[in-house]
Undergrad: 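One structure, pasted below without further comment.
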Amino acid sequence: MNGFEDDKKPKCDGDEYVKPGPKDLQVQLVISLSLGVSAFLAFCILRRRWKSLYAARKRHAEIELPHLPDTLFGWMPALYRITEHQVLACAGLDAYVFLTFFKMSLQLFAVMFFFAAVVLEPINRHFDPGHKRNDTNPSEFSLLREYAPYSDYQKVNLFGNAGENSGDGHGGDDESFNKNMSYLWSYLVFTYVFTGLTLFMLNRYTLKVIGIRQNYLGTQSTITDRTFRLSGIPEKLRTENAIKSLVEKLEIGKVESVTLCRNWKEIDELMERRTAILAKLEETWSVYISQKPKLPVGTQANGDGTASGAPEVRSDEEAGESERLLRGGHDMQIDRPRPQARLWYGFLRMQSRKIDGLDYYTERLRLLDEKIIAARKKTYEPANIAFVTMDSIAACQMAIQALIDPGPGQLLTKPAPAPSDVVWRNTYKPWWRRRFQSWTVTIFISILSIIWVGPVAALASTTICTIKAIMPSLAETLKDHEIIRSLIQTGIPTLVVSLLNVAVPYLYDFLSEHQGMISRGDVALSVISKNFFFTFFNIFLIFTVFGAAVAGIQETFRKSLTDSTYIAYTIATKIEELTSFYSCFIMLQGLGLFPFRLLQFGSISLYPINRMGAKTPRDFSQIMQPPMFYYGFYLPTALLVFILCLVYSVLPDGYQVLGLGVVYFVFGYFTYKYQLLYAMDQPQHATGGAWRMICYRVILGLVVFQVTMSGYLALKSAFTVAVLVTPLVIGTVWYSWNFKWQFEPLTKFISLVSIKRGEDEEEGVNEVAILDDEREGGYEEDVDQRSLRRRGSTTVDEAREKGLRFVNPSLVVPLEQPWIYQDPPPPFTEESDSLEFAIGGSEGEYSYGAGPSIRSRRDETRVEGIATRPPGPGSGAASSNSSSSISLGDTHIWRQ
């Protein structure tokens, strides 16, 4: 029944929907190509002009990136030729793992696409020609057709026999051995083949990632690799000496240093207040300097341009000196109105008066500096967490992989995050408070996921039929405009789903930051988990299962709770009808949005807004910093596309989804490869921990694929064939259990053999404890891995952690000076002879006691484990390095 021709029902009520057809795919293809081609051409043109945006990582002196030509398209072959070893050396282990997933998916789905197009599609065309949209009954044109009555499902058990009715209208007999339905056995065969192929590729790349990770971490030397986190420390051991003595008594190695976390809440709050006051002072100075200067006090302009009251001088020397004093001297008082600050006081702070803003914020900053200096000399109450640095990586790994204390929850050891990744404000929070924050966020996200059901189901119901029920005149108009109709029923839901995938991660990232985790690497992995849950549960399950009608959500929940097979049957029933929608979704993501990510459209569009809001030189420096690459924002969508390709791989028209999946992972691989190498920085250091999350989500996708195929075959009344899928589900679950015990530890820790191999190479010893060809079940090393074992250069992690140590920045970071003029102020430390320093500029001089300015990350050096700007001449160099991009009047903001 067509949604335009049914006049018997005044309301839709989920009974009929218009299914996307070939025209919808054509319209979506045109839209995606138009967006993608325009964004790609814009990137190729702007890449040569805005190098500080599109080649921001080249400013890091310690990173030697492969050169890309400045021609319009010449950079693409050069990017293709960059090897995995170069990616590992230039971008780090996390970037290597991320790109490896795209490479594995590309190879896997390319093979699947070949079999689906060459073998399965001819079988479908021969035995089941009715599955093509142009051959189906008009009543089949429904995007989210109402579910079949539940009574039809009640008499069909997924792993049993049929009742009176089946999903496709056949009788209750088993059709598995019916000659006309024999093609369903090919579905079973390829379900086994594709499952085995997926597990083979997953196992192969897991061994490769583990080998690379063990070699990479085993042959480098950073303070993170030699440090472990000790939690659950009893009160009697909460001293540095007691912890050191305890660990050394274990006889696993010598302790180099111990950082016992303490209740630093007071000094952390003082530093936060100082940062806010410093920003206020800099903003007040920017307002003062931006005002048009008047003539020096006591002078008036004459008609000839000279000032009245100025003494006449005859000699050239005296004239030159007088001109400098009168026109450009820094020591002459400038007559400008000084900014005012409103001070609230009295009962309930209801009275106020205006005071000089510069003097007010300067005095407040001075008082805070005195409090901070005094607070740094205090002794604080110890917490139950410490960071213990050993003298070797092997000693650290033995401590991590062993049980130290027989008491439950006491003296627990875990790998330490990098010093720059530690969230110090969470180290001294009580364990119960961190646990409470974690559970609170988890419960809130669970409630939020239920709330999402309504909007997503409403989005799924955006069809011509619902439009006809709400606005009949609009539906009649769309009847004669096929392209506009396609845009509404397919383009709008696809666009909104894509926008949700972009917007929701920011919310989950904010929630993860308040979950009480110790390291930012753990926060990054948590964001991946939360965003994947949203994409899988809301975009896939909710959109598929609960999308028939918003009014039927409650009934759908009730039925799914009373019958465990209901969800499987529902997915199997609806998944084939949503082929066009998910094809449009993958098409838009791959062809349309990846070029926009390469263009960094968000950074470009937000720059004018940020520039208008920037007032101080520090603000302008911050908006010029490279954007950050957060894996939790991009990986979940890729995992969803992976699962969609698996689910549709054997179904009719599966070759279409697989082909688009190949295109998606090709474009994604090269887009992210460019961004990770050249354009974006990575703030976290997770040592490749995302790979185990990827593997578990791939296994989940396999289970969904197998359950969907079993339900699909059961709906075709091929019950014997459907039951034969069951061993695949059991085998996949067993593989998950096997992965947890055999592979997961190698993605968390460093094997002692790998560490000894690295130490032997550093000492010039050629032999290793265990030869690779004698290792049972060991991985095979390629050329890049062997070259990694022999490398003598520092890794990205070694360069990033050079000079760092585990210490709260609030205790040692040099206090920042107000950054008033274009050149940053000189650094200042507490050991300086005086708190006074001069802030010089082109229009005046000001004296204040504070600390050094911290500038952009590209100009950093390491001072006592804290990232700070180099003093003296280095500051000038840093300023000149970015002068063209920070120039306030330069319209070509990213041109070097």
Side-chain angles (χ1 to χ4, degrees), residues 262-291 336-381 383 423-430 432-434 436-441 443-444 447-448 506-507 509-516 609-610 612-619 622 808-811 813 815-820 835 839 846-851 853-854:
R262 299 178 180 273
N263 190 2
W264 293 306
K265 184 177 181 180
E266 177 187 350
I267 192 170
D268 285 343
E269 290 180 349
L270 286 174
M271 291 296 293
E272 291 178 2
R273 289 168 54 191
R274 188 187 189 278
T275 301
I277 295 299
L278 181 66
K280 285 287 188 180
L281 179 58
E282 291 176 346
E283 183 178 341
T284 305
W285 264 104
S286 66
V287 172
Y288 177 65
I289 294 175
S290 63
Q291 296 177 4
R336 285 190 180 117
R338 294 172 69 84
Q340 301 292 304
R342 184 174 294 275
L343 179 63
W344 295 88
Y345 64 95
F347 179 71
L348 296 180
R349 303 178 66 87
M350 297 181 65
Q351 294 177 292
S352 67
R353 61 186 175 90
K354 290 185 176 181
I355 59 175
D356 185 280
L358 294 176
D359 293 340
Y360 173 68
Y361 291 120
T362 297
E363 181 63 16
R364 288 194 61 182
L365 194 60
R366 186 187 65 81
L367 293 175
L368 279 175
D369 287 346
E370 292 178 355
K371 292 181 180 179
I372 290 172
I373 292 173
R376 288 179 173 180
K377 299 177 182 178
K378 292 183 180 180
T379 301
Y380 297 93
E381 179 184 358
V423 184
W424 292 98
R425 68 176 181 273
N426 292 332
T427 57
Y428 51 79
K429 287 182 180 179
W432 61 266
R433 183 174 177 181
R434 295 199 305 270
F436 175 77
Q437 290 181 231
S438 177
W439 278 104
T440 301
V441 171
I443 294 173
F444 179 77
I447 297 174
L448 193 63
Y506 288 95
L507 172 62
D509 179 66
F510 172 79
L511 294 175
S512 298
E513 290 285 349
H514 293 79
Q515 206 164 357
I609 300 175
N610 295 332
M612 288 187 293
K615 297 179 180 179
T616 67
R618 193 185 305 277
D619 295 337
Q622 290 175 352
N808 188 345
S810 299
L811 298 173
V813 65
L815 302 179
E816 297 176 323
Q817 299 177 19
W819 189 351
I820 297 174
L835 289 178
I839 302 179
Y846 181 67
S847 184
Y848 173 73
S853 170
I854 294 187

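In what follows, residues are counted from 1 in the order of the sequence shown. Just so it is clear, the model here is predicted, and its values are computed rather than measured. Atoms considered below: every heavy atom in the structure, side chains included; atoms not considered: hydrogens, waters and symmetry mates.
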Undergrad: Drop me the distance from D359's CG to Q340's CD, to the nearest 0.5 angstrom.
TA: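 With rounding to 0.5 Å, CG (D359) is 9.5 Å from CD (Q340).
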Undergrad: Do any N or O atoms from the side chain of R274 and from the backbone of E816 form a donor-acceptor pair under 3.5 angstrom?
TA: yes
Undergrad: Where does the angle between the aromatic ring planes of F510 and H514 fall among parallel (under 30°), tilted (30 to 60°) and perpendicular (over 60°)?
TA: tilted
Undergrad: Any side-chain heavy-atom pair from F436 and T440 closer than 4.5 angstrom?
TA: yes
Undergrad: Measuring from I443:CD1 to I447:CD1, what's the distance to the nearest 0.5 Å?
TA: 7.0 Å
Undergrad: Taking only residues two or more places apart in sequence or in another chain, which ones pass ring pair (Phe, Tyr, Trp, His ring centres under 6.0 Å) with Y506?
TA: F633
Undergrad: Check K280 with E283, please: is the shortest side-chain N to carboxylate O separation under 4.0 Å?
TA: no
Undergrad: Between D268 and Y428, is the side chain to side chain contact (heavy atoms under 4.5 Å, CB included) condition met? List the steps.
TA: CA-CA 11 Å; D268 285 343; Y428 51 79; 2.8 Å; yes
Undergrad: Take Y380 and E266 through the side chain to side chain contact (heavy atoms under 4.5 Å, CB included) test and state the conclusion after the steps.
TA: CA-CA 9 Å; Y380 297 93; E266 177 187 350; 3.8 Å; yes
Undergrad: State whether E370 and R366 are salt-bridged, where the test is any N-O pair (Lys NZ or Arg NE/NH1/NH2 against Asp/Glu carboxylate O) under 4.0 Å.
TA: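 So E370 pairs with R366 through a salt bridge.
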Undergrad: Is a donor on one side and an acceptor on the other found under 3.5 Å between the side chain of R376 and the backbone of S810?
TA: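 Yes: the side chain of R376 pairs with the backbone of S810.
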Undergrad: Which residue pairs pass the salt bridge (Lys or Arg N to Asp or Glu O under 4.0 Å) test when at least one of the two sits in residues 340-358, sequence neighbours left out?
TA: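 As it turns out, the salt bridge (Lys or Arg N to Asp or Glu O under 4.0 Å) pairs with a partner in residues 340-358, which skip direct neighbours, are R338-D356.
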Undergrad: Are N808 and T427 packed together at the side-chain level, in the sense that at least one heavy-atom pair is separated by less than 4.5 angstrom?
TA: no
Undergrad: To the nearest 0.5 Å, what is the distance between CD1 on I267 and NZ on K371?
TA: 13.0 Å
Undergrad: State, to 0.1 Å, how close T362 and L358 come at their nearest heavy-atom pair, and which atoms those are.
TA: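 Nearest heavy atoms, T362 then L358: OG1-O, 2.6 Å.
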Undergrad: Quick one: closest heavy-atom pair of L365 and P818, and the distance?
TA: CD2-CG, 4.3 Å
Undergrad: Rounded to the nearest 0.5 Å, how far does CG of L343 lie from CD1 of I355?
TA: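 So the CD1 of I355 and the CG of L343 are separated by 5.0 Å.
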Undergrad: Rounded to the nearest 0.5 Å, what separates atom CD1 in I277 from atom CG in L367?
TA: 10.5 Å
Undergrad: Answer with yes or no whether the side chains of D619 and T616 bring together a donor and an acceptor at under 3.5 Å.
TA: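 Yes, side-chain donor-acceptor contact under 3.5 Å.
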Undergrad: Is there side-chain contact between L278 and L368, with at least one heavy-atom pair below 4.5 Å?
TA: no
Undergrad: Distance check, rounded to the nearest 0.5 Å: I820 atom CD1 versus E282 atom CD?
TA: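 I820 CD1 to E282 CD: 7.5 Å, rounded to 0.5 Å.
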